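Counting begins at 1 with the first residue of the sequence. Values in this document were obtained by computation on a predicted structure and should not be read as measured data.
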Amino acid sequence: MIKEKGIKKLTAVLFVFFLFMGFWKSGSYNEIQKIADYLKQDMDQQETDDLVTINMLEKEFANQIWNRKKLINLNGKIARRLHMQGFYSDYGMYVIDGNYVVSPASYTTTDYEYSQTLGLKQFLDENGIHFLYVNEPVKYMDDSIFRKNFGVESYSNRNADMFLARIREEEIPAIDLRNNINSEGRNVKDLFYRTDHHWTTRAGLWATQIIAGGLNEYCGYAIDTSIYDESNYSMTEWKECWLGEQGRKLGVTYVGMEDYTEIKPNFQTNYTFKTSEEGEEGTFDDFIDEEVYYSDNDLYENSWHYSYKQKNCINNDVAYGKVLMLGDSYAQVTQPFLSLGVHEVDSLILRNCKDSFDLKNYIIENGYDTVVICYAQFMIGAHDNPSSANYRMFSFE
């Protein structure tokens, strides 16, 4: 009995020791001051952008865990061996056949998105500015995939159906890329990375051709959409070279690595990038940070999707058009390609703007002739959740 108590005490001491070592080696003690700041802050008086939130603290703490990547890989190896497809449901991630990661969406009335979009359209009409809405698909076309495989509901496609129907009733021009997927007989899985919520570079080029066609049809443009044919581009491919944002949480040992294709026009380009008041001369190559591909390639830090940059630019080879793209991170591989057919393209991601930002004033001050919203379906309904990173994406006032 005495021996057993001694073993328990020794185990407890060792546990506390290793807990302390992990706390010290990870630098987690640095979070103590931030926790104190969180407890002291005045939620009513402080600017939203300055607030410290529990989500921020949790994320920073998790990122500092000692040997975090090894723990992720160990966890992923076990989950894969046990075929635990819904093990990461708390992160909003489920794994279906082929190690393809999908995320569900909650039901929304679409009322907020509808009223904000209608208000923006009326403002643009009053100022003689064209408007086009583009619905970017998620990684599945049928919401029932979740009910059939995991016994849970997703409403992503149904939310999009409802929202698009409502804005079309108000005669707001809208492109639903799901329709193009169906009409062309494409498989939506081929447009996305398995381990990332973003679409591929090839899908971005494909979507841009359709968006350019929408500018022609609804906004008075005359873009030669054949410039977006794949035959006009050089493709450089890498096999099993990086890990997507979803895959980083699940572990490379669970879902494996991704292939990647870099796409560049094989014709000459001439740009002025609005990086300063004078601008900076360059070519399409300046949209791409190739150091991402040839770095040490830390799988858990280096996202190849973001090697393409959204950069406000002037295409000196095209005479017409000044477009503001309100987009999301899908636009990393659409804005650069869209700029090949438009004189001037700027982009904004509203979740990165301060509460005080005045979108309508910005549009007028910069003299855009067209505003294009290109949003992934999961933006619809994000305003229902104040803690969502995408909470302000439809805030157009």
d(D286 CG, C313 SG) to nearest 0.5 Å is 10.5 Å
Is there a donor-acceptor pair closer than 3.5 Å between any side-chain N or O of R248 and the backbone N or O of T195? no
Residue set satisfying side-chain contact (heavy atoms from CB on, under 4.5 Å) with E397, at least two apart, ordered chain then number -> Q116, K360
When you look at Y112 and H383, which way does the ring-ring contact (aromatic ring centres under 6.0 Å, His included) test go after all the steps? CA-CA 7 Å; Y112 182 80; H383 196 80; 3.6 Å; yes
Answer yes or no: is there an ion pair linking K311 with E280, defined by an N-O contact shorter than 4.0 Å? no
Closest heavy-atom pair, C241 versus D259, reported as atoms and distance to 0.1 Å, is SG-C, 4.3 Å
Report the distance from atom CG of N135 to atom CG of L177, rounding to the nearest 0.5 Å. 7.0 Å
Taking only Lys NZ, Arg NE, NH1 and NH2, and the carboxylate oxygens of Asp or Glu, determine whether D111 and R166 approach each other closer than 4.0 Å. yes
Any side-chain heavy atom of D176 sitting closer than 4.5 Å to one from R168? yes
Before giving the answer on side-chain hydrogen bond (donor to acceptor under 3.5 Å, both in side chains), spell out for Y114 and E170 the whole-Å C-alpha distance, their side-chain angles and the decisive distance to 0.1 Å. CA-CA 10 Å; Y114 167 74; E170 303 295 337; 2.7 Å; yes
Measure centre to centre between the rings of F146 and Y140, then say whether the value is under 6.0 Å. yes
Would you sort out whether Y228 and F337 count as a ring-ring contact (aromatic ring centres under 6.0 Å, His included), showing the intermediate values? CA-CA 8 Å; Y228 299 111; F337 293 127; 7.6 Å; no
Start with the C-alpha gap between K249 and M93, add the side-chain angles, then the distance that decides, and say whether side-chain contact (heavy atoms from CB on, under 4.5 Å) holds. CA-CA 9 Å; K249 296 181 175 70; M93 294 183 296; 3.6 Å; yes
Where do W304 and H198 land on the side-chain contact (heavy atoms from CB on, under 4.5 Å) test, with the steps shown first? CA-CA 11 Å; W304 286 36; H198 295 113; over 6 Å; no
Among Y330, F394, F163, find the one that has a ring-ring contact (aromatic ring centres under 6.0 Å, His included) with Y375. F394
Taking only residues two or more places apart in sequence or in another chain, which ones pass salt bridge (Lys or Arg N to Asp or Glu O under 4.0 Å) with E184? R186
Taking the six-membered ring of F284 (Phe, Tyr or Trp), confirm whether the NZ or CZ of K264 is under 6.0 Å from its centre and within 45° of its axis. no
Would you call D97-K189 a salt bridge at under 4.0 Å N-O? no
Starting from the C-alpha separation in whole Å, work towards a yes-or-no answer on ring-ring contact (aromatic ring centres under 6.0 Å, His included) for W206 and W199. CA-CA 11 Å; W206 165 81; W199 55 16; 7.2 Å; no
Before giving the answer on side-chain contact (heavy atoms from CB on, under 4.5 Å), spell out for I373 and F131 the whole-Å C-alpha distance, their side-chain angles and the decisive distance to 0.1 Å. CA-CA 8 Å; I373 297 179; F131 181 44; 3.6 Å; yes
Can we say E230 and R202 salt-bridge, meaning some charged N sits less than 4.0 Å from an Asp/Glu carboxylate O? yes
E291 CD: over 12 foreign heavy atoms closer than 6.0 Å: no
